[in-house]
Amino acid sequence: MTLSIEALDARLAERATASPDQSYTAKLIAKGTAKCAQKLGEEAVEAVIAAMSGDREELVKESADVIYHLLVLLRSEGVALAEVSQELDRRTAQSGLDEKAARSRD
């Protein structure tokens, strides 16, 4: 069985309450949003590099890091994964091109 993003988020919620000495997640969150955002950015760049170099295995690994660090950043800012899911639901109610056109008029 594979780990769902919701199950990962629940696991991170538990780890976020642990001591920063015992949990990397708690340690990142304790360092604040700027550090969490920095780590997400670093991992995103590494994922892009892996994709551009055609290294599929590395892209898979870096993508896992991106998802993990995105969830940590969301938790750091108090944004629930459910809020992101609701936004994705809203956006997929119409075509991507229509949704993008509606955003440019705002």
Side-chain angles (χ1 to χ4, degrees):
M1 182 171 152
T2 59
L3 182 67
S4 72
I5 195 165
E6 291 82 8
L8 176 59
D9 189 51
R11 189 175 295 176
L12 295 182
E14 290 176 17
R15 292 183 178 172
T17 63
S19 165
D21 294 332
Q22 297 178 335
S23 166
Y24 181 63
T25 300
K27 185 175 185 175
L28 281 173
I29 291 171
K31 289 184 177 185
T33 298
K35 183 63 174 180
C36 295
Q38 175 192 352
K39 289 299 295 178
L40 174 59
E42 289 171 5
E43 298 302 340
V45 167
E46 291 172 4
V48 169
I49 291 168
M52 296 302 293
S53 68
D55 188 338
R56 187 177 192 281
E57 184 178 331
E58 196 62 22
L59 178 58
V60 169
K61 292 175 183 177
E62 295 302 338
S63 295
D65 289 343
V66 167
I67 291 168
Y68 166 80
H69 284 284
L70 174 59
L71 292 176
V72 170
L73 177 61
L74 292 174
R75 183 155 303 282
S76 173
E77 280 296 293
V79 175
L81 179 58
E83 291 177 70
V84 177
S85 294
Q86 289 168 355
E87 178 62 15
L88 288 169
D89 282 343
R90 185 191 69 73
R91 289 182 181 193
T92 57
Q94 60 184 330
S95 82
L97 295 176
D98 290 342
E99 190 276 332
K100 186 172 181 171
R103 278 191 285 149
S104 26
R105 285 181 278 189
D106 291 341

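In terms of heavy atoms, Leu59 sits closest to Ala47 at CD1-O, 3.4 Å. Between Ala30 and Pro20, the shortest heavy-atom distance links the atoms CB-CG, 4.1 Å. Closest non-hydrogen pair, Ala37 versus Leu73, comes out as N-CD1, 3.8 Å.
Summarising the geometry, atom CG belonging to Leu81 is positioned 10.0 Å from atom CD belonging to Gln86; distances are rounded to the nearest 0.5 Å. With rounding to the nearest 0.5 Å, the separation of CD1 in Ile29 from NZ in Lys35 is 14.0 Å. Rounding to the nearest 0.5 Å gives a distance of 8.0 Å between NE2 of His69 and CD of Glu42. Rounding to the nearest 0.5 Å gives a distance of 8.0 Å between CD1 of Ile67 and CG of Leu8. Distance check: Gln38 CD to Thr33 OG1 gives 12.5 Å after rounding to the nearest 0.5 Å. Between the CZ atom in Arg11 and the CG atom in Leu3 there is a gap of 5.0 Å [rounded to 0.5 Å].
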(request) Run the numbers on Leu71 and Ile5 for side-chain contact (heavy atoms from CB on, under 4.5 Å), then give the verdict. (result) CA-CA 9 Å; Leu71 292 176; Ile5 195 165; 3.9 Å; yes
(request) Quick one: do Val48 and Glu62 satisfy side-chain contact (heavy atoms from CB on, under 4.5 Å)? Show the steps, please. (result) CA-CA 9 Å; Val48 169; Glu62 295 302 338; over 6 Å; no
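Using a cut-off of 4.0 Å between Lys/Arg side-chain N and Asp/Glu carboxylate O, Lys39 and Asp65 are scored as not salt-bridged.
Residue Val79 is grouped with residue Val66 when hydrophobic side chains (ILVMFWY) are merged at heavy-atom distances under 4.5 angstrom, including chains of intermediate members.
Judged by distance alone, the side chain of Glu83 and the main-chain N or O of Ala80 form a donor-acceptor pair under 3.5 Å. In this structure, the side chain of Ser23 engages the main chain of Arg15 through a donor-acceptor pair within 3.5 Å. Although no hydrogens or angles enter the test, the distance criterion places no donor-acceptor pair under 3.5 Å between the side chain of Ser76 and the main chain of Val72.
In this pair, Tyr68 and Tyr24 present their aromatic rings parallel. The plane angle is below 30°, not in the 30 to 60° band.
Here the side chains of Arg75 and Asp9 are in contact, with some heavy-atom distance below 4.5 Å.
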